[in-house]
Trainee: 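Here it is: the structure, laid out below.
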Amino acid sequence: MKLATWNVNSLAVRLPQLLDWLGQHQTDVVVLQETKLTDDKFPHEALKEAGYHAQWFGQKTYNGVALVSREPATDVARNIFGFEDEQARVIAATVNGVRVVGAYFPNGQAPDSDKFVYKMGWLTALRRWLADEMAQHPQLVLMGDFNIAPEDRDVYDPVAWAGQIHCTPEERAHFQALIAMGFVDAFRLFEQPPKSWSWWDYRNLAFRKNQGLRIDHILVSQALKPRVTACVIDKLPRKNERPSDHAPVVITLD
DNA sequence: ATGGCAGTGCTTCACTGA
């Protein structure tokens, strides 16, 4: 079983690339972030023609998430239970017996901003909710755009980024708190090329110079960990014409 | 220190992203 997460930065623009990518791989589940579509505009027909079911949760202009799967998804949940949120950031469902949580974590903008305060509150609420989800569904995978670079080795220039958004001690503490509750960073279960990133700035020829961050992650529960056989970042879509600034991260389960 | 690139939606520039 293959699952993936991809921040597409507008599904309206990236739909052809998504369909191409789904056609090239045997991906069973893909969670999308930054669809930037209201629910009435979600391209479920095109995905259906490609052989995929979809669940979606969007809004105008910003955010928006979706869960695309070969097999039907059940017990669909939107956003964090018990956390009032105007922003569409989370979609969860059960597929083939695996509880899948797809999330677009808040960016945070700057450590001294209101958006950072929102990010901290969102992260606390997420963890509280995930503890319940994990108790109910031991086979749980949390994947998405975390907007957190967990360690200095996940940053192309850790000195320049020290204390900056995605790299603050507060954000990294939240990531470690997820690890402390039993989640495992699937990417680090395997030997990986140094300077592995999932996002590269559109500016400054960052992709060509491989200047990026690893901020898109796949975390698996303890019960799921023995089933993980691979986890990779697929850089190829970042080489497309008009690419997303993020690359997909893919996990393979037995 | 700044902006650089991209997407959206109307304010055809401002906002957000990371």
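Chain A is the first sequence line, chain B the second, and so forth, proteins listed ahead of strands; every chain is numbered from 1.
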Trainee: So, is A:Lys41 close to the B:dT8 phosphate, meaning a side-chain N or O under 4.0 Å from OP1 or OP2?
Mentor: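 Checking B:dT8 against A:Lys41, no side-chain N or O comes under 4.0 Å of OP1 or OP2.
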Trainee: Which value, in whole Å, describes the distance between the P atoms of nucleotides B:dA18 and B:dT8?
Mentor: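 Approximately 14 Å lies between the P atom of B:dA18 and that of B:dT8.
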Trainee: Take atom P in B:dC13 and the same atom in B:dA1, then report the distance between them in whole Å.
Mentor: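 To the nearest whole Å, 29 Å.
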Trainee: Sugar-phosphate means primed atoms, P, OP1 and OP2; the rest is base. With that split, encode nucleotides 13-18 of chain B 5' to 3' as B, S or - using protein heavy atoms under 4.0 Å.
Mentor: --BSSB
Trainee: For A:Trp200 and B:dA6, what is the distance between atoms CH2 and P respectively, to the nearest whole Å?
Mentor: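 Value for this atom pair: 16 Å.
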Trainee: What integer distance in Å separates A:Lys209:NZ from B:dC5:P?
Mentor: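 Taking NZ of A:Lys209 and P of B:dC5, I get 12 Å after rounding.
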Trainee: Give me the ring orientation class for A:Trp6 and A:Trp21: parallel if the planes are under 30° apart, tilted from 30 to 60°, perpendicular past 60°.
Mentor: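 The arrangement is tilted - the two ring planes meet at 30° to 60°.
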Trainee: Using 30° and 60° as the class limits, which term best fits the ring planes of A:Phe146 and A:His217: parallel, tilted or perpendicular?
Mentor: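 Because their plane-to-plane angle is over 60°, the rings of A:Phe146 and A:His217 count as perpendicular.
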Trainee: B:dC10 and B:dT16: how far apart are their C1' atoms, nearest whole angstrom?
Mentor: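 Pairwise C1' distance, B:dC10 against B:dT16, rounds to 15 Å.
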Trainee: Just do the salt bridge (charged side-chain N to carboxylate O under 4.0 Å, His left out) check on A:Arg172 and A:Asp152 with the steps written out, would you?
Mentor: CA-CA 10 Å; A:Arg172 287 177 170 180; A:Asp152 278 355; 3.0 Å; yes
Trainee: OP1 or OP2 of B:dA6 less than 4.0 angstrom from a side-chain nitrogen or oxygen of A:Arg14, does that happen here?
Mentor: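 No, A:Arg14 has no side-chain N/O under 4.0 Å of OP1/OP2 on B:dA6.
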Trainee: In this structure, would A:Phe42 and A:Val30 fall into the same cluster of hydrophobic residues linked by side-chain contacts under 4.5 Å?
Mentor: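 Yes; tracing contacts between hydrophobic side chains, which count when under 4.5 Å, links both residues.
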Trainee: Between A:Arg242 and B:dC5, does any side-chain N or O lie under 4.0 Å from OP1 or OP2?
Mentor: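 Negative; the distance criterion is not met.
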Trainee: Are A:Phe83 and A:Trp129 near enough that their ring centres are under 6.0 Å apart?
Mentor: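 Judged by ring-centre distance (under 6.0 Å), A:Phe83 and A:Trp129 do not meet the cut-off.
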Trainee: Taking the C1' atom in each of B:dT12 and B:dT2, what is the distance between them to the nearest angstrom?
Mentor: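 Nearest-Å result for B:dT12 against B:dT2 at atom C1': 24 Å.
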Trainee: Tell me which of A:Asn204 and A:Ala12 sits closer to the 5' end of DNA chain B, going by the nucleotide each one is nearest to.
Mentor: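 This one resolves to A:Asn204.
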Trainee: Would A:Arg214 and A:Asp154 satisfy salt bridge (charged side-chain N to carboxylate O under 4.0 Å, His left out), going step by step from the backbone distance to the final call?
Mentor: CA-CA 5 Å; A:Arg214 191 177 72 95; A:Asp154 300 312; 2.7 Å; yes
